[in-house]
Amino acid sequence: MFSSHSRPPRYSAFNLLRHALTGNRHWSRAWRNAAPKDGYDVIIIGGGGHGLATAYYLAKLHGAKRIAVVEKGWIGGGNTGRNTTIVRSDYLLEENSRLYECSLQLWEQLSDELNFNVMFSQRGTVLLAHNEAQLAGVAQLGNAMRLRGIDAELLSREELREFVPVLDCSSATRWPVVGGLLQPRGGTARHDAVAWGFARAADALGVDILENCEVTGIGTRAGRVTGVQTSRGWIGADKVGIAVAGHTSQVAAMAGLRLPIETHLLQAMVTEPVKPVLDTVIMAGAYDGYVSQTDKGEIIMGAELDMYPSYSQRGNLPRIEKIARYTLSLFPSFGKLRMMRCWAGINDMTMDGSPIIGTTPVHGLFVNGGWCYGGFKATPGSGYLFADLLASGKPNDILEPFALARFDNGRYIDEAGTGPVPFRH
Amino acid sequence: MHLIECPWCGPRAQVEFTYHCDSEGLPRDWESEHETELHERMLNRTNAIGFHVELWNHAGGCGSWLLIDRHNRTHDIRSVAYACNGRSGGK
Amino acid sequence: MTLAGATEFETPCGATAVVDAGFRMLEIAAWGNDPGAIEMLARTLALPPPLHPGRATGNDLMQLFPAAPRRWWLRSDHDVTPLPDIDGLAVTEMSDGQVCVRLHGDTARDWLAQYCPMDLRPRSFGTGQVAWTLFSELRVLLHCVDSNAFDMYLGSSFAEDIIAHCLTARTRTRT
Amino acid sequence: MTRRRRTGSGGQVDRRGAISFCFDKRRYQGLPGDTLASALLANGVTVVGRSVKYHRRRGIFSIGSEEPNALVRIGNDGQPNTRATMVPLIDGLEAWSQNRWPTLGFDVFAMLGALAPLLSTGFYYKTFMWPRRAWKAYEHVIRKVAGLGEPPVRADPDAYEHAFGHCDVMVVGCGPAGLSAARVAADAGADVWLVDESPWAGGWLNRERATIDSRTGSEWAAAEIAYLESLANVRVLLQTTAFGYYDHNLVALAQLPAAGSAGRQRLWRVRASRVILATGAIERPCVFAGNDLPGVMLAGAARAYVNQFGVRAGHRAVVFTNNDSAYRTAMDLHDAGVTVVAVVDCRTAADPGVEEEIRQRKIPILKEHVLVCAAGGSRLRHVRVRPAAGPAGRSSRLKCDLLAVSAGWSPAIHLHAQSGGASTYDEATASVIPADNRQATHLAGAVCGRFGLAHCLDDGARAGAAAAAKAGFSCQPPRAVARSRLPGDAGEVAPLWAVPDSASGTAFVDLQNDVTGGDVEQACLEGYESVEHLKRYTTLGMGTDQGKTSNINGLAILAGRRGRPIASIGTTTFRPPYTPVTMGAVAGPEVRERLEPVRRSPLHDVHAELAAEFDHNGLWLRPAYYPAAGESMRDAVERETRTVRTDCGIIDVSTLGKFEVQGPDAARFMERVYVNRLTRLASGRSRYGLMLREDGMIFDDGTVTRLDESRYFLTTSTSHAAHVHEQLDYFLEICCAGMEVAVTCVTEYWAAIAVAGPRAPAVLQAVGVDCSPRIEQLPFMAVTTGTVAGIPARLLRISFSGEWACEIYVPARQSTHVWNELRRHGALPYGLEAMDTLRIEKGFIGVGAEANGRTTPIDLGFARMTGKTERHIGQYGLQRVHRNAGNRLELVGLLADDPGAAMNQGAQLLATQGQRGFGSSIGHVSSAAYSPTLGRHVALALLAGGRSRTGDSVYVADPLRGSKRDLRASVCAPCFYDPDGTRLQP
């Protein structure tokens, strides 16, 4: 049975003041240190943003009672804590557009929904175009967005100069900026807070969050899932959802699945913090790179993959140099800032560059993975939709195209048009 | 940045090489393979953590196609060999 | 940039750069695995054997660069008589497609090390050795012609840009 | 003031010199050999910066790169967040304090300190949520208060360099261990690089009163470095930080130019056969109330300032320690004239030797005592001490203006950890020390947790010998190790992380990020108790100092709180860089204009003389159009288009990818590469060819020409040339291994000029074309060789314009002559824009526009080309895609009802006027142009089920570019001009 526990008090100004007056010595845990039970109705493998969001929406919207999130380390320790925190929904293909716009709409209410400030900041995302062909490309994208009711504005070079004064809009560079596409509702969020906020809210609804609980096997009988073997013992369940960005292939393999995924490194870095200088997110078409400034003042940068498979989570110098070269070409005044920290996320790259969310040949086992670079911004949407799938057993309209079966049918969702080369997407 | 021992050029920096695909993605016999075989190798991967034989090209060097037995977490390299029975490419 | 014959530049790094576009270059590729074909060609051209990977071989008239498996470049500063037609070898004219930059001087090696990731120490890349490598992100053929002189062959379309590098880059050696 | 702080003699500063510098507009004097930090201390400047969260006054805390407090901006609009401890003083240096408004002395934001209880760790996750839309307003203020220095405004004027290096042995760290390692390896004949982040070789030998072989430590170091620098096989780089240790022994170095020189910062990527890490150790402080006050300093730093720079960091000092090393601080300060009030030691016993030294100097030692708190304002006034075991309430007061603290030393294992090496917690030194190596690494000296000077020298010699031997150099046994002396250097400590019951709002763990002991405890209470959660929730160790002096204390408090041994808690990941590296140096010289190379056609100069407007096509520069004087772009493009339709135009197509495919199996190979059937392609004939990817999508289009039985000549699109080359090579070597074929890229060799238009044959005749058959009789899609204007040429009768046309291929360096002859005989140049218009009029596909990586040949109307039964690339993929094809996007033409209305590339297509919402778009305009030939706008589009909609109306929506009303257009076949191709024939 679902064990009752006292819900932690809501965060409020009064609550904060009360704790301040008592020396901040009486705070309670944001989420319980739960012990695994013998069985659950639903087990989510993976305590990242997606897994925690799934558990939250399952409990909140579908009335599911016995839910556990099993996490091999600490929650939010995978790609949730290793990304460049950008949220947007500027996708060309209708399938992607529906998915990411669903997510963006959830982001807009998330702090309120969770009673946890995830610092979602709609400072706008700008996709730069460096020549007329790219400008036509972003126009096509922007028109597609506008027809779907998603905000998009085309910025001329002059408008960009005004909107982002620190950006070099001159011609004195190899790839001059000729214009850009602004999504005003895009922005950034505090990545760790998303995991913590969902964890706290899910916990309050009775979800057991089991940290340091590594799944080592998936049990099946007669084509049905029966539970998971973990480092903390066997845990039974009728339904199991996989949401383990960076390790989707490994966990799916425990159920005998082989997926169209190859895992690559994506590097990112931050500079030392400085006073505000860049108040929007810049994405450069010239090198698939993105630059923004965190609330702490660090300039955060990321770019394309390392172009060879790796699970190392370690940065590599040539890519870092390239990110710096391109960033300084866009922002020449950043030359004297210092690179302070580099890291790498491990990205499950699918063969068509779009995620896989759906049923599997094992009854009761569901997969949510292959998010390529797109995982963070999808967090609430992915959880919301995956919860729906887990509850109903059937994909809804938005999820239907993302089923694994699309590869058998040749219905690839190839946003970049680069074909079955996972690292080129 | 890896150091890759090219059988022709000797040890060279990884920036000179381009990764092409896991050896699982290579045809056993391209001429005679079937549609399902092609799609299986084109799309699906074991993608396990550990050593994998991968096809690389020494694109910034002698152009050879190489099979590199490499660990995808530690980046240790166990062996580097020409991809086709000692026959090597070259641009 | 029109390149006719040899043009000489003093580079800020202290090395001399001689840009040469007036030579003949042929690419010889073997379509089979028969090592005899290239040896026969070398014999016909009276080039001294043996053909070690990465070591140029030559005489007064021409130089043969075995810088890639089953693929050779043949450079001549004189007009080569038509090559004998040897079965198994595809011979392709490359002359106009290549520019040679000769870097000469005590700082030449250090200057190259600013752009080339390969080990250029004399014991790894000494006189007579040839190698394909990267110069920045551009693939070039490097030939160590002397302890302090290197020939770098690059595609003609890149020449103007790379020469601009040579003229603006400078080096501080042994700091 | 200066005289009082600076000692009369000693140290390595030049007292005969004088250096003038500015801090916050005030002018001060320093000495050659000073750092900015030592010079500020010498001038009695105690407050140098403000902390990031509470804006508390902060002073100089350390002597090295671990400095959390003394961050300044160097120069007007200069580099922010620069550690004053790492800046060699030069004449005229200007430094500015940071993170204060309006001044360092009076900072408005310091009032935040009063709100500290409200601003406890993680407070921002719990508030600023009301009202719902207000976060942006809150955030605006938060962003202004956060951040450290001001970012420069102007473009960085400096240039930077990159370089690669290779060596046998790389020694990181120039202290006793590193010097002795380098010497042994160098004497064995290895190529040795020796690097250190400091401007001075010797490391701590400069900062201590040690003796080695009866010389002072710094004299010994100077002699060693002089010897090493005299060797040809040794390279010594000072002011050079080894900041990253990457795969396969690649060490990244950031080298600063000598202070005041015109040199450039340089980033080195050095591949070393063996790496010796002699990176030493970093002293750590202790957590107690007021431990951040200006005047509280690491004990090692306090004696280093006096020993190396002759600077007394205070006049009345208290030393607080849990180990012997700080006794040297008491000795050195005392001997330099500082009043040492007491040595407060939490232990029961110290090394008898150092204890005797202190007693001789009549300095009181308070054993088994701890420091309760430090108090003061803009500088330290007094501290309170009490017996360690005594009751919390009773303490006594010691008046002082300098508190030298040592809670032990943390080995600098950062590079070791970056290399993948393991580490373990060592109880004796209460520190994390290296365990197993992952790479070809050796460790020597304090980094291993062996702190004694003799140990370091011995360790270094052994590591040097081992590294040289592993790198293949026979090595004599290390020479007799020098006899050395440094009192109290054993390194054992009695762990003391935080003074019990001292945890308050001002007991800081992380000085830079203002994380207190209370914050750590609160995070634990709230469940953020894994190391990474603690770090991320409290921001502990995430400042510019990356927690060099704070991480271990935070860990220990966490462990204590959780009741678990420190060893079981784990550590956060050590990531590059070791210390922050200037972005300009990381980027190197290839930025802005030089970001990527520019490729120029062999005819580039000719185009430039013709005043062409250039456009980028991949790396290439290509003429977009050739405006006549006063002509607009549109006029020029229309004129050029008409020229081709009515007269004779020439265009430079040298940038096309060009390949020769030769060998007995060339025909078989071609059959597999292209989707269309080529077996019947006769020698001397060309064909349009489509290359697919294995998934069935179009990869590239171009021409295939059969030169003879076993020799083909291919052209590809400009943008895909490199990819096509890779694909051909891959396919030949991997999929068709055993075929006797050689592929050679000849893009650079051939220049290519397309001559097109009804008058083209006449122009060519006039220029003088010698070929057989005569050029005007050469059939469409035939090839021949001959001469043009006397230049040997290959002539292809192919057309991308729809007019009679011929592509002339000539050796690149002779192309100018041919071009000029063509011009002289009446041919007019046209550029990419006119070429695009001509191809759109004809409905030819563009790579990127219609062939966008998601379209198959069937989608684009090439169904007749497909269906070959022989295995070829993309065959199965195409079958799979079209087996279940739904409403795929297909290529169609569009004519707007209003012929004067422009349709733009990137506009969307709708079935009904004004439709909106998901699912409303049924396609998009893929290419569009004004056709001067037809006198109207035409467009190519990709439309769902498009071919079956021929004759239907669709609506062209372009809301993004301000079009108010969707434009009605009718769907037609994608060819607007000469659909039968009669104009192509002779």
Side-chain angles (χ1 to χ4, degrees), chain A residues 11 13 16 20 24 27 29-31 74 77 98 111-112 116-117 121 131 133 136 139-140 142-144 146-149 152 154 173-174 192-193 272-277 295-297 315 317 321 324-325 328-329 332-343 409-410 414 417-420, chain D residues 79-81 117-118 120 125-129 132 139 142-143 146-152 155-156 246 252 522 525-527 530 532-533 536 544 575-576 580-584 586-587 590-593 595-596 616 693 695 697 852-854 880-881 884 905-906 908 916 918 920-921 924 959-960:
Chain A
Y11 293 146
L16 212 57
N24 288 308
W27 287 99
R29 294 183 67 96
W31 62 93
W74 39 281
R98 284 176 191 264
S111 292
D112 206 41
F116 200 100
N117 189 352
S121 171
N131 56 42
Q140 184 188 346
N143 274 323
R146 286 277 279 270
L147 289 189
R148 295 165 188 153
L154 196 63
T173 184
R174 180 70 178 84
D192 295 320
E272 294 179 339
V274 286
K275 294 293 177 194
V277 62
D295 285 346
K296 274 171 71 184
L317 203 50
E321 291 168 17
R325 281 170 53 209
L328 295 193
S329 298
S333 68
F334 290 178
K336 284 271 191 290
L337 305 188
R338 292 188 190 84
M339 170 178 94
M340 183 170 80
R341 198 163 54 240
C342 308
W343 67 91
N409 301 330
D414 188 352
T418 46
Chain D
Q79 191 161 27
N81 303 339
L118 263 179
S120 67
Y125 302 122
K126 301 166 184 163
T127 183
F128 304 126
M129 290 183 278
R132 194 156 145 187
E139 190 187 32
I142 290 172
R143 283 170 84 86
L148 285 167
E150 290 289 341
D156 184 4
Y246 297 93
Q522 186 195 328
L525 272 179
E526 293 190 77
S530 85
E532 284 284 346
H533 279 161
R536 288 155 185 263
T544 65
R575 298 183 194 285
V581 181
T582 304
M583 285 273 287
V586 178
E590 281 157 6
V591 292
R592 307 189 70 189
E593 291 94 334
L595 184 59
E596 288 183 61
H616 296 282
R693 302 190 308 234
D695 67 349
M697 305 302 161
N852 61 13
R854 288 184 296 270
R880 177 170 280 198
V881 166
N884 309 291
Q905 186 184 355
Q908 295 286 324
R916 293 294 184 265
F918 280 101
S920 58
S921 167
H924 66 272
L960 193 74

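As the structure is a prediction and not an experimental result, all values here were calculated from the model. In what follows, every chain begins at residue 1, and chains take the letters A, B, ... in the order their sequences are listed.
- Between D/P152 and A/L337, the closest side-chain pair of non-hydrogen atoms falls below 4.5 Å.
- For chain A, the nearby part of D/N852 is the backbone; its heavy atoms alone come within less than 4.5 Å.
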Q: Decide yes or no on side-chain contact (heavy atoms from CB on, under 4.5 Å) for D/R575 and A/R341, but give the supporting numbers first.
A: CA-CA 7 Å; D/R575 298 183 194 285; A/R341 198 163 54 240; 4.2 Å; yes
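- Proximity of A/E321 to D/E590: side-chain heavy atoms (C-beta onward) are nowhere separated by under 4.5 Å.
- The shortest distance between side-chain heavy atoms of A/K275 and D/E150 falls below 4.5 Å.
- With sequence neighbours left out, the side-chain contact (heavy atoms from CB on, under 4.5 Å) criterion links A/R146 to A/A152, D/P959, D/L960.
- Between chain D and the residues A/A136, A/A139, A/G417, A/G419, the largest count of heavy-atom pairs under 4.5 Å involves A/G417.
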Q: Determine, stepwise, if the pair A/D295 / D/E139 fulfils side-chain contact (heavy atoms from CB on, under 4.5 Å).
A: CA-CA 7 Å; A/D295 285 346; D/E139 190 187 32; 2.7 Å; yes
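- Within the 4.5 Å cutoff, the side chain of A/P332 has no heavy atoms near those of the D/D156 side chain.
- Contacts between D/Y246 and chain A at a heavy-atom distance below 4.5 Å involve the side chain alone, from C-beta outward.
- Ranked by heavy-atom pairs under 4.5 Å with chain A, the list D/V591, D/L595, D/N884 is led by D/L595.
- Chain A forms the most heavy-atom pairs under 4.5 Å with one residue out of D/P580, D/P576, D/S120, and that residue is D/P580.
- Of the atoms belonging to A/N24, heavy atoms from both backbone and side chain fall under 4.5 Å from chain D.
- Across every non-hydrogen atom of D/M583 and A/M339, the tightest pair is CG-N, 4.0 Å.
- Side-chain atoms of D/L525 and A/R29, non-hydrogen and from C-beta on, never get closer than 4.5 Å to each other.
- Here CE of D/M129 is found 8.5 Å from OH of A/Y11. Values are rounded to the nearest 0.5 Å.
- Contacts with chain D were tallied for A/G410, A/P420, A/G335; A/G335 has the most, counting heavy-atom pairs under 4.5 Å.
- Per-residue counts of heavy-atom pairs under 4.5 Å with chain D were compared for A/A20, A/G297, A/A13; the largest is that of A/A20.
- Between D/R592 and A/L328, the shortest heavy-atom distance links the atoms CG-O, 4.2 Å.
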Q: Please report the C-alpha distance between D/R854 and A/D414 in whole Å, then the side-chain angles of each, then the deciding distance to 0.1 Å, and finally whether the salt bridge (charged side-chain N to carboxylate O under 4.0 Å, His left out) criterion is met.
A: CA-CA 7 Å; D/R854 288 184 296 270; A/D414 188 352; 5.6 Å; no
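- Of the listed residues (D/V881, D/N81, D/L118), the greatest number of heavy-atom pairs within a distance under 4.5 Å of chain A belongs to D/N81.
- Using a 4.5 Å cut-off on side-chain heavy atoms (C-beta onward), A/W31 and D/E526 make no contact.
- Contact of D/R143 with chain A is made through backbone and side chain together, with heavy-atom distances under 4.5 Å.
- Per-residue counts of heavy-atom pairs under 4.5 Å with chain D were compared for A/S111, A/S121, A/A193; the largest is that of A/S121.
- The candidate with the highest count of non-hydrogen atom pairs below 4.5 Å against chain D, out of A/R338, A/R325, A/Q140, is A/R338.
- Rounding to the nearest 0.5 angstrom, the gap separating the CD atom in D/Q905 from the CG atom in A/N143 is 11.5 Å.
- When D/E532, D/R536, D/Q908 are compared by the number of non-hydrogen pairs under 4.5 Å with chain A, D/R536 comes out ahead.
- With rounding to the nearest 0.5 angstrom, the OG atom of D/S921 is 6.0 Å from the CG atom of A/L147.
- Taking the ring-ring contact (aromatic ring centres under 6.0 Å, His included) definition, one finds that A/W74 meets it with D/H533, sequence neighbours left out.
- Note: A/C342 leads A/A30, A/G77, A/A133, A/C342 in heavy-atom pairs under 4.5 Å with chain D.
- The two residues D/V586 and A/A324 have their closest heavy-atom pair at CG1-CB, 3.7 Å.
- Rounding to the nearest 0.5 Å gives a distance of 8.5 Å between CG of A/L16 and CZ of D/F128.
- Residues A/R148 and D/R916 form no side-chain contact, since every pair of their non-hydrogen atoms from C-beta on lies 4.5 Å or further apart.
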Q: For A/E272 and D/T544, run side chain to side chain donor-acceptor pair (under 3.5 Å): C-alpha distance rounded to whole Å, both residues' side-chain angles, the deciding distance at 0.1 Å, then the answer.
A: CA-CA 6 Å; A/E272 294 179 339; D/T544 65; 4.6 Å; no
